[in-house]
Amino acid sequence: MKNKEVASLLYEIADLLEIKEVEWKPRAYRKAAQNIEALSEDIKEIWKKGELDKVPGVGEGIAKKISEFLKTGKSSYLKKLKKNIPIDVEDLMNVPEMGPKTVKLLYKKLKVKNIKDLKRVAKKGKISKLYGMGEKTEKEILEGIKTVEVSKKRFLLGFMLPNIREIEEKLKKLKEVQLISVAGSVRRKKETIHDVDILIASNNPVKVTEYFINLGDVKKVLAKGPTKSSVKLKDNLQVDLRIVSKESYGSALQYLTGSKPHSIKLRKIAIKKGLKLSEYGIFKKKKKIAGRTEKEVYNKLGLPYIEPELREDRGEIEAGLKKKLPKLIGYGDIKGDLHVHSKWSDGNNTIEEMALAAKKLGHSYLCICDHFGNLRIANSLNERRLLKQIKEIDKVNKKLSGIRILKGVEANILPSGKIDVPGKLLKELDIITAGVHSGFKSGEASMTKRIVSVMDKINILNHPTGRLLQKRKGYELDLSKVFDSAKDHDVAIEINSFPNRLDLDDVNSRAAVDNGVKLVINTDSHSINQLVYMELGIGVARRGWCGKKNVINTLPLNKILKKF
DNA sequence: GCCGTTTTCGGCCCGACTGTTTTCAGTCG
């Protein structure tokens, strides 16, 4: 998929145009980039069909630039822009406080081209001497650079969620808090988050704000107003708090949940109807006609309620208008986890401990899939130990009630296009899962062939693209061929719920569903406290428009045993 | 640069907070 690359090209162009103070074009480029990012179809395929201009936001001008980029891997337009403005705009704009205007000013006056330059002039106190700048701004910029260096600006949702819930609980206990909700990308279950947005309804904002900015984890107060305040926590996560009245809670929640493109589209619908939508409500002239609940807001715009995970401007508004929104899988619909590890390989808990923890979460089955073979993973099972493990599972199953432990394995898909578990062993197992754990760089054609050729021997394909968030991109892979093959062989494709995997991702999950492929949401847990990551995988599935029927581990045990 | 049941030209979401500016621009979401 070239979509991400094309999108980032367009974003970069937009940033540069913004520096040049070209009007409107940056908006057009960003819009196009955002739409391309959201496409489930490969932009290259669309280009080959000559249908680039059918992508929303892409017209003649942008289509030309995309064509050139896909053909040559380069963009002469971008090159020209960069020649005029030899600045690392993306890097600089990542620094809080730094927008296009400031970037331009600092380049013109101080020749700042990148973060290194920025740090140097800020330390020397040169920025504060410029017209329109001051000492505070200079200090903020230095702080901002540190933030970028420390945190890279985004956090993995799964690792932050416990802290976020704790803050929510603390605030909930205040008697001045009438209603509270975590909004923003956390509510939309994005895989990584930039900050946390909390909305509160209260008629004593002063008291709530005081309490909020004095929470134990707060390192620094970034902003503090009567309705809006913002803090940085010790772990560098930024938390924004917005306080409104009960009457505006619904519209404020909608606004604060976003996404931005989704909200902008809603506001445009409002305008067309002669209304105005803001975080305070929907207004007809000066009169407020909605705002207490989100449902009310959506309904007044002629839409059904839209689930937060769908609000990415990926067609959900259009589907809503046509009353064709999907019924999403619910957070309580999962019946079991089909990919976890135990002490037998690289896990931290015994089979019994894992089973008891899963039962506590309400699961009725759990499949132990320890690593097999001798490829890179510590303590992998061999033939003898797997047979021994099977006997152990029989024993624990006899002992426990209310949960059934299934016998599985996580095999390696070898570069040769085979799995490394002997055929006679496979017959002893309930579920065969397999994934690629080595040789990631073989290239699209060979990786695709490698994976497709094991489909007739497995039930579940684990972490299909191998990506690790904030660490490595997935391997080159023709997913549409993998989907076709999975469908032919009744193989379920995994949404791996581990916080830094979430693989398949939301866009590809949607493509899988569109292609009639069955999915399975697993945690890949290596200890009992990781079983709760299921929520993240379900979030991805919901972001990918998946229903309950698309996910096999919403099925009862007997269906699973019959291989779905 | 894109787009169209008010437009093929003239629009393009709305508001809060901060710092430095004495009335507002820049940034953020």
Side-chain angles (χ1 to χ4, degrees), chain A residues 10 13-14 17-35 52-66 77 92-106 127-141 144 153 183-188 193-199 205 209 221-231 238-244 248 251-283 301 311 313:
Chain A
L10 299 180
I13 292 175
L17 289 171
E18 190 131 40
I19 302 282
K20 284 183 78 176
E21 287 177 49
V22 177
E23 281 193 291
W24 306 118
K25 287 193 192 183
R27 188 178 293 207
Y29 276 92
R30 290 213 176 95
K31 184 96 219 167
Q34 189 240 325
N35 285 329
L52 279 179
D53 58 347
K54 285 196 183 151
V55 178
V58 176
E60 206 184 315
I62 292 181
K64 237 167 114 182
K65 274 129 204 160
I66 297 175
Y77 185 62
L92 286 173
M93 298 246 292
N94 244 339
V95 178
E97 311 298 320
M98 294 285 290
K101 296 281 157 50
T102 315
V103 169
K104 188 178 183 188
L105 177 76
L106 296 185
I127 294 176
S128 55
K129 300 207 173 63
L130 297 175
Y131 182 77
M133 294 284 157
E135 278 182 20
K136 278 211 168 172
T137 309
E138 188 167 71
K139 228 180 119 202
E140 287 300 320
I141 287 175
K153 287 213 40 167
S185 45
V186 177
R187 185 163 179 241
R188 303 200 315 276
I193 57 169
H194 165 256
D195 56 20
V196 178
D197 301 286
I198 299 178
L199 176 69
T209 303
V221 178
L222 302 170
K224 182 192 159 195
T227 67
K228 201 174 160 181
S229 49
S230 181
V231 300
Q238 183 177 323
V239 184
D240 299 337
L241 174 67
R242 188 84 187 240
I243 305 170
V244 297
S248 295
S251 43
L253 184 56
Q254 190 290 307
Y255 156 76
L256 220 57
T257 299
S259 69
K260 203 168 165 181
H262 174 89
S263 294
I264 288 175
K265 209 164 235 181
L266 291 186
R267 288 179 178 193
K268 284 182 179 164
I269 291 177
I271 291 169
K272 258 185 210 159
K273 291 182 181 291
L275 308 170
K276 185 185 74 167
L277 170 64
S278 78
E279 56 263 53
Y280 297 107
I282 298 184
F283 297 86
L301 297 175
R311 301 181 196 172
D313 190 18

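Chain A is the first sequence line, chain B the second, and so forth, proteins listed ahead of strands; every chain is numbered from 1.
- Here dG26(B) is the nucleotide among dG1(B), dG26(B), dC13(B) with the atom lying nearest to any side-chain atom of Thr102(A).
- Atom CG of Leu17(A) and atom C1' of dG1(B) are 9 Å apart (whole Å).
- OP1 and OP2 of dC3(B) both lie 4.0 Å or more from every side-chain N or O belonging to Lys268(A).
- Put simply, His194(A) has a side-chain N or O that comes within less than 4.0 Å of OP1 or OP2 on dG29(B).
- Residue Ile264(A) is in base contact, counting any heavy-atom pair closer than 4.0 Å across all strands shown.
- Map Gly225(A) and Ala28(A) each onto its nearest nucleotide of DNA chain B; the residue landing nearer the 5' end is Ala28(A).
- Atom CG of Leu52(A) and atom P of dC2(B) are 11 Å apart (whole Å).
- Relative to the side chain of Ile271(A), the nucleotides dC2(B), dC13(B), dC17(B) differ in distance, and dC13(B) lies closest.
- Of the listed nucleotides (dT18(B), dC13(B), dG15(B)), dG15(B) has the atom at the smallest distance from the side chain of Glu279(A).
- Rounded to whole Å, atom C1' of dC28(B) lies 9 Å from atom CD of Glu97(A).
- A gap of 15 Å separates the C1' atoms of dT23(B) and dT18(B), to the nearest Å.
- With dC13(B), dC28(B), dG1(B) as the choices, the nucleotide that has an atom nearest any side-chain atom of Arg267(A) turns out to be dC13(B).
- Rounded to whole Å, the C1' atom of dC28(B) lies 14 Å from the corresponding atom of dC13(B).
- The base of dG29(B) is paired with the side chain of Lys260(A) by a donor and an acceptor separated by under 3.5 Å.
- One finds a salt bridge joining Glu279(A) and Arg242(A) here, because a Lys/Arg side-chain nitrogen approaches an Asp/Glu carboxylate oxygen to under 4.0 Å.
- The backbone N or O of Arg311(A) lies less than 3.5 Å from a partner atom in the side chain of Ser259(A), making a donor-acceptor pair.
- A gap of 24 Å separates the C1' atoms of dG1(B) and dT5(B), to the nearest Å.
- Ser248(A) contributes a side-chain N or O that, together with a main-chain N or O of Tyr280(A), makes up a donor-acceptor pair within less than 3.5 Å.
- At the heavy-atom level, Thr227(A) lies under 4.0 Å from the strands shown only through sugar-phosphate atoms.
- On the C1' atoms, dT8(B) is 8 Å away from dG4(B), given to the nearest whole Å.
- At the heavy-atom level, Gly132(A) lies under 4.0 Å from the strands shown only through sugar-phosphate atoms.
- No contact: Glu138(A) has no heavy atom under 4.0 Å from any strand.
- Atom C1' of nucleotide dC14(B) and atom NZ of Lys265(A) are separated by 18 Å, given to the nearest angstrom.
- Note on Pro26(A): nothing from the nucleic acid sits closer than 4.0 angstrom, heavy atoms only.
- Backbone-only engagement by Val58(A) is indicated by non-hydrogen atom pairs under 4.0 Å involving sugar-phosphate atoms exclusively.
- Residue Pro96(A) places its side chain closer to dC28(B) than to any other of dG1(B), dC14(B), dC28(B).
- To the nearest whole angstrom, the two C1' atoms, one in dC12(B) and one in dC17(B), are 25 Å apart.
- Here the nucleotide nearest the side chain of Arg242(A), chosen from dG29(B), dG1(B), dA16(B), is dA16(B).
- Between Lys25(A) and dG1(B) there is a side-chain N or O to OP1 or OP2 distance below 4.0 Å.
- Judged by distance alone, the side chain of Glu138(A) and the main-chain N or O of Ile127(A) form a donor-acceptor pair under 3.5 Å.
- Listed pair Tyr280(A) / dA16(B) meets the phosphate criterion, a side-chain N or O lying under 4.0 Å from OP1 or OP2.
- Checking dC2(B), dT18(B), dT20(B) against every side-chain atom of Lys224(A), the shortest atom distance belongs to dT18(B).
- With the nearest nucleotide of DNA chain B identified for both Met133(A) and Pro226(A), Pro226(A) has the one nearer the 5' end.
- Atom-to-atom, CH2 of Trp24(A) to C1' of dC2(B) comes out at 12 Å; the value is rounded to the nearest Å.
- A donor and an acceptor atom, one from each side chain of Ser263(A) and Gln254(A), are located under 3.5 Å apart.
- The nearest whole Å value for the distance from the CG atom in Asp197(A) to the P atom in dA16(B) is 16 Å.
- Only the C1' atoms considered, dT20(B) is 15 Å distant from dT27(B), to the nearest whole Å.
- Closest approach of Tyr29(A) to Ala14(A), counting heavy atoms only: CB-CB, 3.9 Å.
- When distances are taken from the side chain of Ala223(A) to each of dC2(B), dT18(B), dG29(B), the shortest belongs to dT18(B).
- Remark: P of dC13(B) and CG of Leu277(A) are 13 Å apart, rounded to the nearest angstrom.
- Of the listed nucleotides (dC17(B), dG29(B), dC12(B)), dG29(B) has the atom at the smallest distance from the side chain of Tyr255(A).
- Taking the P atoms as reference points, dT22(B) lies 15 Å from dG26(B), given to the whole Å.
- In this structure, a donor-acceptor pair under 3.5 Å is present between the side chains of Thr257(A) and Arg187(A).
- For the pair Ser278(A) and Tyr255(A), the minimum side-chain heavy-atom distance is 4.5 Å or more.
- For dC17(B), the OP1/OP2 oxygens have no side-chain nitrogen or oxygen of Ser229(A) closer than 4.0 Å.
- Side-chain N/O atoms of Glu97(A) and Thr102(A) include no donor and acceptor closer than 3.5 Å.
- Nucleotides dG15(B) and dG10(B) place their C1' atoms 25 Å apart, quoted to the nearest Å.
- Atom pair Lys54(A):NZ and dC2(B):P shows a separation of 17 Å (rounding to whole Å applied).
- Across all strands shown, Lys65(A) has heavy atoms under 4.0 Å from sugar-phosphate atoms exclusively, and none from any base.
- For dC14(B), the paired nucleotide is dG29(B), the pair qualifying as Watson-Crick or G-U wobble because both relevant distances are below 3.5 Å.
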